Amino acid sequence: MTEISVRLPEGDPVSVPSPTTVAGALAELLSGKQRKRCVAATINEMQVDLDTELTEDTTISPIQIGSDEALEILRHSTAHVMAQAVRELFGDDVKVAIGPAIENGFYYDFYRDEPFSPDDFEKIEEKMTEISRAALPFTRSTINRLEAIETFNAQGEKYKVELLEELEDETISIYQQGPFVDLCRGPHLPNTSFIKDFKLLRVAGAYWRGDENKDVLQRIYGTVFFDKKELKKYLNQLEEAKKRDHRKLGKELQLFTTQDEIGPGLILWQPKGSQLRRLIEDYWKDEHYRHGYELLYTPHIARQDLWKTSGHLDFYSENMYASMEIDEVKYQLKPMNCPFHIGVYNSNKRSYREFPIRWAELGTVYRYERAGALHGLLRVRGFTQDDAHIFCREDQLEEEIFNILDLNLHILKTFGFSEYDIYLSTRPEKSVGTDDHWEQSTNALKQALEKKGLGYDIDPGEGVFYGPKIDIKIKDQLGRSWQCSTIQVDFNLPERFDVNYIGADNKEHRPIMIHRALMGSLERFIGVLIEHYAGAFPIWFAPTQARILNITDDQAEYCEKVYDELRKGGVRIEKDLRNEKLNYKIREAQVNKIPYMLIVGEKEKESGTVTVRMRDGKNLPPMSIEEFIEKIDQECRDQRGN
RNA sequence: GCCACUGUAGCUCAGGUGGUAGAGCAACGGAUUCGUAACCCGUAGGUCGGCGGUUCAACUCCGCCCAGUGGCUCCA
């Protein structure tokens, strides 16, 4: 009998009789408890099933419950089980397409004439539980590709056939659990009994292979965990996200609204939301002025010729609204601010001594978004970018990018975002500019990031056609990420508009232009802020900072006086002097997420004070009006960092 | 744009199989003057998303349109 030597990555080799399986080897290498946690293994950087046969000396890294890899395998296997369940319930009416694991769960795409209803979910879940109880093993086998095509063809599984036809390998692997066979690379769980804590979440349309010209499939989403608690936690998190939904809070807190009469994707800011926005805008403007920017205002429409010159009609017309005619000349609504800033630039002869020129504008733009893409404040048709354009020489590029990153992270931090993912997008296939340009500017972006000590991922080929870019995705309180900031190098527009400056050599040169937006769009950013803070904004940009609540009418007059003083003192104050019980008023202020309630009864009236109740329900000792103003002022300055 | 679902008072929602609508909260009026998350009584409020069709009769059935939601695609 031959023996082979197997070992864990950190462990000593152990001899086992050959042939054995991964599971067999692990039985020798791990304690029983550890062994039970194994669902698959990694060998030579390949994930394999536990029943994979071993005939050579091998180092085995077990994939155990608790790891991300194990979870992914669980999710993938669960997708298969769901497909099996759907197959058994709906028979040949259903064609299966693909079913991968995704972040937080899995999905499977099906073709079926009838729509799946949420009622079907229950049946599918029941069937899945049945399959789980049966502890069906997932068995892998390899099969000749052409044979596989025949098999799946015979079953009418045209999507599988299509996939197979595109594969290049001669032999492919298939997995079977019970009667269900699926084309799959694997690995899978040893058997279906691991699949207990799952839930189907929703059904949605999806194009076959993501192509809108192909069949529309029904995609059923679900999630699954190894542990019931984990599942519960995730479902709770979904609930929490629902509570924080900016559309819901926006309505409840009266921040913004939309109306049929006005049109989809067009936001009406209510007074509270407008106040919030104004505070953000003011802060933004101050911060930009401080960091060497000048502020611009530019129009909302321009002659169509401008958009021809800029190239937007060629590259961006799908997102632009139709032209309008004014005095027999065509004009078009702006989707971007850059051409206008260039207009300001070109209004004078520019010298290298002026560089870098940093111009910022809260510029409102209009872009056509397909109806199905609209979403609350996050995806709209009219929005205000916190835009800026920097004109500089190539040798200033890196430093400017560095400065932008600096300001960018500073502003995000002030708003409470200090975790983010950064992406550097490089040259796409369709692009303009010389290789030199691309290389130099990409390097400038890289170096600025490195100098700032920021980790980043490269998104190959995801740059804009006119230059490379840095995107920053911020993470909110629930760990969800949102794309807001973008920094883009552009050597196309200066060319198109013949933007130039006189250098030290008294000759004309072409500057480089940087486009950047930090919050992205105010609409989107505020949407994210609402969800991040669940509507309970920090005092410095809370639309209302405090509300005065009297106990009885006897304090009404005093409250009016307090109100006037606070308002004059710069506090964003409201009063609730209605003839209602204190409990009632407190509840309402609490629901409105107002940071401070100022409670005024006889005691306070006598002593010329207010009692401060904080949003968390705790009370501060009574304080004078001046003290409260000072307190608010101090807190705002602390939070805003100035 | 595509697939599915949804659209009833300001808000949240009820209204088998067709006979023109209700509740709670909010609003308004009254009573109460009450110290840390909803006091009581009363009043008013809806062309049931819009248009068209079937029908003696449609919130309920059919068609088209509009809007929203979940995704896909797109965008970033």
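Quick note: numbers below take in every heavy atom, side chains included, and nothing from hydrogens, waters or symmetry partners. In what follows, every chain begins at residue 1, and chains take the letters A, B, ... in the order their sequences are listed. What you see is a predicted model, and the numbers here were worked out from it, not measured in a lab.
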Nucleotide opposite [N] in a Watson-Crick or G-U pair, distances under 3.5 Å:
N: rC74(B); result: none
N: rA4(B); result: rU69(B)
N: rC64(B); result: rG50(B)
N: rA38(B); result: none
N: rG24(B); result: rC11(B)
N: rG16(B); result: none
N: rU33(B); result: none

Hey, does [X] reach any base, or is it just sugar-phosphate, or nothing, if we go heavy atoms under 4.0 Å?
X: Gly210(A); value: sugar-phosphate
X: Glu252(A); value: nothing
X: Gln259(A); value: nothing
X: Thr258(A); value: nothing
X: Lys585(A); value: nothing
X: Asn619(A); value: base
X: Arg370(A); value: base

If only side-chain N and O atoms of [X] are considered, is one of them under 4.0 Å from the OP1 or OP2 phosphate oxygen of [N]?
X: Tyr221(A); N: rC72(B); result: yes
X: Arg578(A); N: rA27(B); result: yes
X: His375(A); N: rG70(B); result: yes
X: Tyr584(A); N: rA26(B); result: yes
X: Arg247(A); N: rG70(B); result: yes
X: Arg202(A); N: rG71(B); result: yes

- Side chain of Asn583(A), base of rU36(B): donor and acceptor closer than 3.5 Å?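 It does not, because no donor-acceptor pair links the side chain of Asn583(A) to the base of rU36(B) below 3.5 Å.
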- Derivation and outcome, ring-ring contact (aromatic ring centres under 6.0 Å, His included), residues Tyr321(A) and Tyr366(A): CA-CA 8 Å; Tyr321(A) 291 101; Tyr366(A) 295 88; 7.1 Å; no
- If you round to the nearest 0.5 Å, how far is CD of Glu588(A) from CD1 of Ile594(A)?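 With rounding to 0.5 Å, CD1 (Ile594(A)) is 8.5 Å from CD (Glu588(A)).
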- Message: What I want to find out is whether Lys242(A) reaches Asp245(A) closely enough, with some N-O distance under 4.0 Å, to be called a salt bridge.
- Response: no
- Query: Can you find a side-chain donor-acceptor pair between Thr544(A) and Lys593(A) that sits under 3.5 Å?
  - Reply: no
- Item | Aromatic plane relationship, Tyr108(A) with Phe110(A) - under 30° parallel, 30 to 60° tilted, over 60° perpendicular |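 Phe110(A) and Tyr108(A): parallel rings.
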